[in-house]
Amino acid sequence: MKTKMKKWWHDKVAYQIYPKSFYDTNGDGIGDIQGIISKLDYLKELGIDLIWISPIYKSPFVDQGYDISDYYGIAPEFGTMEEFEELLAEAKKRDIYIVMDLVINHCSDQHEWFQKALADPEGEYADYFYFREGKNGGLPSNYRSYFGGSCWEPVPGTNKYYFHAFAKEQPDLNWENPKLRQEIYDMINWWMEKGVAGFRIDAIINIKKDVNFPDLEPDGPDGLAGYSRAVEQTHGVGELLEDLKNNTFAKYDAFTVGEVFNMHEEELPEFIGEDGHFSTIFDFSAHCLSDGEHGWYDALGIDFNQWRKAIVNSQLEVQKVGYKANIIENHDEPRGVSRFLPEYARNAAGTKMLGTISLLLRGIPFLYQGQEIGMQNCVWNSSEEWDDISSKDQYQTARAAGVPKEEALRICAEMSRDNARTPMQWSGEKGAGFTQGTPWMKVNPNYSKINVKDQQMDEDSVLHYYQKLIALRKSKEFKEVFTYGRFAPVYGEWDNIMAFYRILDEEAGQEVGNAGKRVLIAANFGKDSVELPLEYPGKKVLLSNLPENQAEDNLTLAGCGVMVLECALHE
Ligand code: TEU
Ligand code: CA
């Protein structure tokens with residue numbers, strides 16, 4: 001890719017905050033905006049440039065804020081608009097950008113628009129949504145929503161149904177309606193004017209519908225077909241996305257990161273090319289490896305070779321076109337340490353190894369709260385412990401498919417979104433230092449072993465390692481190569497080795513002159529030590545989770561060892 005045009009966000013390191021579980025300052029057991037403000041210095045020290053905050057708008061919290069009832073209001077659980085403005089100002093003082101979550105495929109059933117639509121199902125607000133009559137005495141189509149059950153829910157007092165891809169409390173907005181689109185654009189511009197740097201854009205591919213809602217081949221005992229299959233077959237989202245961009249983000253040079261599943265691969269340049277719909281989109285290629293055909297219960301475990309292949313292929317494809325945002329985990333995914341590392345590697349060394357790979361891939365790194373201390377999946381003793389609407393549904397789905405109770409619990413415990421939503425572990429004190437009160441959600445019992453405070457006092461901790469890792473990525477000398485250097489996989493035929501170069505040369509599309517560089521990032525996911533012959537003489541160890549040894553001809557990597565080694569650019 002010829003990256004002649006540099007963008008302000010190319011070299012940023014981002015951090016996702018799930019506000020409800022981040023830090024509670026008033027003892028109600030719920031994280032809040034003041035909690036975020038009070039941790040800005042912590043994030044600054046970690047090296048964070050940009051924060052994405054999961055939704056903080058007014059919401060009934062059926063889906064934890066992804067069901068918005070007022071796009072212009074802050075949820076009182078989190079604070080006030082004045083406090084949000086204070087957050088913007090405090091972040092700015094520290095050169096930190098704030099990115100909001102934009103949930104515009106759907107709103108809450110409590111939103112004024114939907115309430116007006118229900119009150120007058122023939123009126124103009126009904127056309128903000130998809131109100132449809134049933135077919136052949138049944139529902140308008142046979143789609144199964146993401147959270148289970150039909151995508152169609154009766155509109156009371158009529159013979160119509162409204163469409164929802166997610167929960168029934170999250171009615172989908174009708175993007176074919178120009179009035180609705182204008183309302184959304186006005187709202188986005190209002191937030192941009194307030195000073196946010198951009199948006200993470202939720203479930204955005206879903207905005208385009210085949211408005212004929214054709215039935216699909218049923219794929220489960222309920223006789224329904226998963227809605228994602230309809231999304232896969234839908235075309236034309238690009239037009240809507242361009243309209244969105246041109247009326248909003250483009251005017252502000254905003255940073256936008258799309259949450260995109262089921263994209264047609266050939267559309268990647270339109271999505272994230274130089275002049276794409278978005279600045280970037282998340283790379284979920286490793287996460288999608290555990291998509292089950294019918295749900296979590298028939299998901300396959302992730303094996304190392306598949307994982308390596310998924311990431312390498314994705315990196316090679318993306319660099320022809322633009323940048324993806326790299327993640328290990330987020331608020332919808334289990335903890336990466338518990339998911340992508342074999343059991344013997346779920347320790348500090350393995351955690352540092354996984355973090356090094358993720359942060360030094362080509363793309364925009366996003367850390368998720370708690371990742372920097374190596375938080376892991378929680379122990380779940382019963383499905384009752386979950387709050388998450390999706391975990392509950394997946395458990396029911398597994399049971400309905402005949403999976404025994406114990407087994408259904410075990411599987412869903414591994415995949416539950418609540419693994420990422422347990423409170424941030426700030427200290428070994430009661431409530432993990434997250435709250436003085438009763439936390440809204442179970443605290444992971446391992447907080448006495450894994451927490452910020454202890455790690456701050458330990459030079460060798462995961463937290464200190466992440467600080468060094470981010471500092472290296474942003475260092476004057478290596479920022480260019482880690483931002484614009486191309487990705488080239490190496491040692492792909494070696495068992496358990498995940499390794500790649502980042503190379504700054506003419507081929508990387510930059511003017512390099514004498515400043516060319518080659519950095520090798522090599523990790524040994526195995527148990528036993530491995531000796532790799534170096535293709536290019538080693539110059540300097542930049543970072544490692546092993547006792548440092550200068551490698552020149554060979555690189556010795558103990559099990560769970562990772563090394564970042566500057567090598568000679570040419571042989
Ligand atoms: O997630 C959207 C999300 O779409 C997933 O359900 C996705 O379709 C699926 O994993 C594909 O494999 C976003 C938010 O991140 C999530 O928290 C919300 O629950 C959801 O949208 C609805 O707003
Ligand atoms: Ca609170």
Side-chain angles (χ1 to χ4, degrees), residues 16 18-38 52-57 59 61-68 74-80 83 101-108 144-148 151 164-173 200-207 226-232 257-263 281-282 284-296 299 327 329-334 366 368 387-394 415-418 420-421 423 431 434-441:
Q16 180 191 355
Y18 194 70
K20 199 164 180 180
S21 301
F22 190 59
Y23 187 53
D24 171 30
T25 56
N26 65 351
D28 65 357
I30 295 175
D32 40 51
I33 292 175
Q34 287 302 335
I36 301 176
I37 295 174
S38 67
W52 150 32
I53 309 176
S54 274
I56 51 174
Y57 313 88
S59 165
F61 288 89
V62 169
D63 184 21
Q64 293 304 348
Y66 285 90
D67 46 323
I68 297 171
I74 299 290
E77 290 86 343
F78 296 145
T80 63
E83 287 174 303
D101 210 313
L102 191 60
V103 190
I104 49 180
N105 170 68
H106 46 268
C107 60
S108 161
R144 180 189 312 107
S145 68
Y146 290 111
F147 297 152
C151 279
H164 61 90
F166 295 90
K168 67 179 188 325
E169 296 88 352
Q170 294 167 296
D172 280 47
L173 293 162
R200 174 268 184 184
I201 312 175
D202 188 74
I204 191 62
I205 206 147
N206 290 60
I207 64 174
Y227 180 61
S228 63
R229 303 220 347 269
V231 177
E232 276 167 25
V257 47
E259 186 209 27
V260 177
F261 289 98
N262 309 112
M263 188 195 70
I281 62 177
F282 288 109
F284 292 119
S285 46
H287 306 79
C288 287
L289 292 173
S290 48
D291 281 353
E293 209 181 317
H294 301 102
W296 293 349
I327 62 160
E329 61 209 27
N330 68 23
H331 68 294
D332 291 335
E333 303 288 341
F366 271 71
Y368 178 72
D387 166 275
D388 170 34
I389 186 170
S390 177
S391 306
K392 290 178 185 172
D393 165 59
Q394 288 290 341
M415 288 304 292
S416 175
R417 306 199 296 181
D418 281 341
R421 301 177 183 188
F434 159 72
T435 179
Q436 299 291 328
T438 308
W440 74 278
M441 153 66 82

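One is the number of the first residue; the rest follow in order along the sequence. Both ligands and their constituent atoms are indexed starting at 1 by order of listing.
- The line from NE2 of His287 to CD1 of Ile327 is 4.0 Å long, rounded to the nearest 0.5 Å.
- Listed by atom number, the atoms of ligand 1 under 4.0 Å from Arg417 heavy atoms are 16 (C), 17 (O), 18 (C), 19 (O).
- Of all heavy-atom pairs spanning Glu77 and Asp28, the tightest one is O-OD2, 4.3 Å.
- Counting the atoms of ligand 1 from 1 in the order shown, those under 4.0 Å from a heavy atom of Arg421 are 17 (O).
- There is a side-chain donor-acceptor pair under 3.5 Å between Ser54 and Tyr66.
- In this structure, Glu333 does not count as a contact residue of ligand 1, since none of its heavy atoms falls inside 4.0 Å of the ligand.
- Here the protein contributes Asp24 OD1, Asn26 OD1, Asp28 OD1, Ile30 O, Asp32 OD2 as N, O or S atoms under 3.0 Å from the Ca ion (ligand 2).
- Each of the following atoms of ligand 1 lies closer than 4.0 Å to a heavy atom of His331: 14 (C), 15 (O), 16 (C), 17 (O).
- Side-chain polar atoms of Ser228 and Asn262 form no donor-acceptor pair below 3.5 angstrom.
- Remark: ligand 1 atoms within the under-4.0 Å shell around heavy atoms of His106 are 22 (C), 23 (O).
- The local environment of CD in Gln436 is sparse, with at most 12 non-hydrogen atoms from other residues, nucleotides or ligands closer than 6.0 Å.
- Summarising the geometry, atom CD1 belonging to Ile68 is positioned 10.5 Å from atom CG belonging to Asp63; distances are rounded to the nearest 0.5 Å.
- What sits closest to atom 13 (C) of ligand 1 on the protein, heavy atoms only, is Asp202 OD1, 2.7 Å.
- Relative ring orientation between Phe282 and Phe284 is described as tilted, the plane-to-plane angle lying within the 30° to 60° band.
- The shortest heavy-atom contact between Ile207 and Asn105 is N-OD1, 3.5 Å.
- Residue contacts with ligand 1, taken as heavy atom pairs separated by less than 4.0 Å, do not involve Gln64 at all.
- Closest heavy-atom contact between Phe434 and Gly31: CZ-N, 3.6 Å.
- Considering CD of Glu169 and OG of Ser59, their distance stands at 10.5 Å, rounded to 0.5 Å.
- Interface of Arg200 with ligand 1, defined as ligand atoms under 4.0 Å from a residue heavy atom, comprises 14 (C), 15 (O).
- Between the OH atom of Tyr18 and the CZ atom of Arg421 there is a distance of 3.5 Å, given to the nearest 0.5 Å.
- Given atom 15 (O) of ligand 1, the protein heavy atom at minimum distance is Asp332 OD2, 2.4 Å.
- Trp296 and Ser391 share no donor-acceptor pair across their side chains, judged by distance under 3.5 Å alone.
- Per-residue contacts place Tyr146 under 4.0 angstrom from the following atoms of ligand 1 (heavy atoms of the residue considered): 8 (O).
- Of all the listed residues (Tyr18, Tyr227, Phe261, Phe166), Phe261 holds the heavy atom that lies closest to atom 10 (O) of ligand 1.
- In this model, a donor atom of one side chain and an acceptor atom of the other lie less than 3.5 Å apart for Tyr146 and Asn206.
- Remark: ligand 1 atoms within the under-4.0 Å shell around heavy atoms of Phe147 are 19 (O).
- The nearest heavy-atom contact from the protein to atom 19 (O) of ligand 1 is Asp63 OD2, 2.5 Å.
- Taking every non-hydrogen atom of Glu259 and a distance limit under 4.0 Å, the qualifying atoms of ligand 1 come out as 1 (O), 2 (C), 3 (C), 13 (C), 15 (O).
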